[in-house]
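Below: the structure, in C-alpha cells.
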Amino acid sequence: MSPRGERADFGFRVLAGLVPAEMYASAPLEALKAQAVTARAELFSKVGKRHLSDPYLVCGHQHCQVYKGAGVNRKSTDKAVAQTRGQMLFKGQRLADARYHSTCGGHTEDGDYVWTGNESDELKGTTDLVKPGDLDLGKEDEARVFIDNKPDSYCARSGKTARTLRWTVELSQKELDGRLNKKYDLGTVKSIVPLSRGVSGRIGKLKVIGSRRAVTINGELVIRRAFGGLKSSQFYVIAPNRANGNKWQIRGGGFGHGAGMCQNGAAGMALGGFDFKAILKHYFKGVSVKQIY
C-alpha cells in the first residue's frame, strides 16, 4: 500500500470508530459529514503534537477525541466518513482549529474566551438562532432573559436537546457549600456574582462570597467543575427564597464549552436543508473544505 493509501486507510479506520462515539449515529447525513470533516481535521492536526512518548499517535479520550473502536461502527457514520474521504477543514493554508461541542444553547463562544491564549480566528462565536436578532449576551440582564427563554435555534430543532438546551440544578445550602469548599475555603456561601460573560453568555469569571472569604474563579471549565460539573457556564444563579423552596437554583443553557461547531446545531441545520460545507462555514469563520487525499 502506498503512503497515501496508508494515510487514507488510517483515517477511515479511526474515524469509523470516532464519529459515532462523538455524535449520535441517527443524526442527518449532512451533519454526520460535517462531524467527520471536523473530526478528521482535529485528528490529523494533533498527530505529532501530543503523546510523543507514547506508542500511539493520539489517545482515545476527550484529551484528543473519543474513540471506541470498530465495535461502534454504524452504517450512517461509515457513509459520512466514506463520502468525505480525504476532506479536511482549512483556514487559509493551515488546518483549521476544528473544535466542537454538544449544544451551544443558541449562541457559540469565542475560542480565546474558552481557552486563554487561543488565537484561532475561525473560532469566533456566532448566533445559532434561525432568525438572528440584536443580542448582547455579555450583558447580565440580556443573558438572563436569553437563558430563561428557548429561542428558535438550530440546536433546538435537532430534537435531541430536551436536557441540554435549557437545564436547572437545585442545591441545598449544604450541598452547594460542600461542592465549592472542596477547593475553596469559603465557609457558608452567601453570594454568587458573574463578573464577565462571553458573546454566548458563558461566564468566564465568577465571584463567590462566603462567610470566611471571597474568591474569584476564572475559566469556563474551572467554573463548571467548581459547582460539581455543570453542563456549561452559560448560567445564572438565584439565591434561596420561599419561591424556590429555599434552595440555590442554577438556571443554564447548553452543553459543553460552546466553541466551534455545535453538534446539535449541525443536525438542526441539516434538517433545514443545509449541506455539510454550509454547516461548517456557519460555525467556523473564513474556512474552506479541501480534498487532501
Side-chain angles (χ1 to χ4, degrees), residues 61-63 66 101-110 113-116 125 137-151 153 155-156 160-259 262-264:
H61 307 289
Q62 284 186 342
H63 177 248
V66 177
H101 59 280
S102 168
T103 310
C104 68
H107 203 292
T108 66
E109 188 53 75
D110 291 343
Y113 190 80
V114 178
W115 304 287
T116 302
L137 300 180
K139 294 181 177 179
E140 188 64 26
D141 57 345
E142 291 195 35
R144 291 188 177 216
V145 171
F146 188 75
I147 291 168
D148 276 340
N149 291 282
K150 292 183 179 179
S153 62
C155 59
K160 298 288 186 178
T161 57
R163 297 182 180 180
T164 58
L165 185 70
R166 293 292 181 270
W167 44 266
T168 299
V169 174
E170 292 186 336
L171 300 170
S172 67
Q173 185 71 55
K174 183 178 180 180
E175 289 171 328
L176 181 65
D177 293 344
R179 293 187 182 192
L180 287 167
N181 279 287
K182 284 182 178 179
K183 184 174 181 180
Y184 309 98
D185 184 24
L186 293 161
T188 302
V189 176
K190 301 293 185 182
S191 179
I192 299 171
V193 184
L195 298 180
S196 74
R197 290 185 182 273
V199 295
S200 72
R202 283 169 169 77
I203 302 172
K205 183 181 290 187
L206 185 75
K207 185 175 183 179
V208 183
I209 301 171
S211 59
R212 294 196 189 102
R213 66 180 183 126
V215 297
T216 298
I217 307 174
N218 294 291
E220 184 269 345
L221 182 57
V222 178
I223 290 169
R224 289 161 57 187
R225 287 176 172 172
F227 286 85
L230 298 178
K231 287 183 172 69
S232 86
S233 69
Q234 186 189 64
F235 69 84
Y236 74 92
V237 180
I238 300 174
N241 57 64
R242 289 183 180 180
N244 62 23
N246 289 315
K247 289 189 174 183
W248 288 89
Q249 191 175 76
I250 304 172
R251 296 184 180 180
F255 188 12
H257 50 67
C262 171
Q263 292 171 307
N264 274 301

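The structure presented is a predicted model; accordingly, all values stated were derived computationally and were not measured.
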Between the side chain of [X] and the main-chain N/O of [Y], is any donor-acceptor distance below 3.5 Å?
X: Trp248; Y: Gln173; result: no
X: Asn181; Y: Gly187; result: yes
X: Asn218; Y: Lys205; result: no
X: Arg197; Y: Glu140; result: no
X: Asn246; Y: Pro240; result: no
X: Asn241; Y: Ala239; result: yes
X: Glu170; Y: Ile250; result: no
X: Tyr236; Y: Ala143; result: no
X: Ser211; Y: Thr188; result: yes
X: Gln234; Y: Ser200; result: yes

Shortest non-hydrogen contact from [X] toward [Y]:
X: Thr161; Y: Ala156; value: OG1-CA, 3.9 Å
X: Ser232; Y: Gly256; value: CB-O, 3.6 Å
X: His107; Y: Leu137; value: CB-CD1, 4.0 Å
X: Gly253; Y: Ile147; value: N-CG2, 4.5 Å

Worksheet item: Would Glu109 and Val199 satisfy side chain to side chain contact (heavy atoms under 4.5 Å, CB included), going step by step from the backbone distance to the final call?
Response: CA-CA 6 Å; Glu109 188 53 75; Val199 295; 3.3 Å; yes
Discussion item. The criterion is salt bridge (charged side-chain N to carboxylate O under 4.0 Å, His left out); which residues satisfy it with Arg224, sequence neighbours excluded?
Written reply: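 For Arg224 the salt bridge (charged side-chain N to carboxylate O under 4.0 Å, His left out) partners, ignoring immediate neighbours, are Glu220.
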Worksheet item: Residues in ring pair (Phe, Tyr, Trp, His ring centres under 6.0 Å) with Phe227, at least two apart?
Response: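 Phe227 satisfies ring pair (Phe, Tyr, Trp, His ring centres under 6.0 Å) with Phe235 once adjacent residues are dropped.
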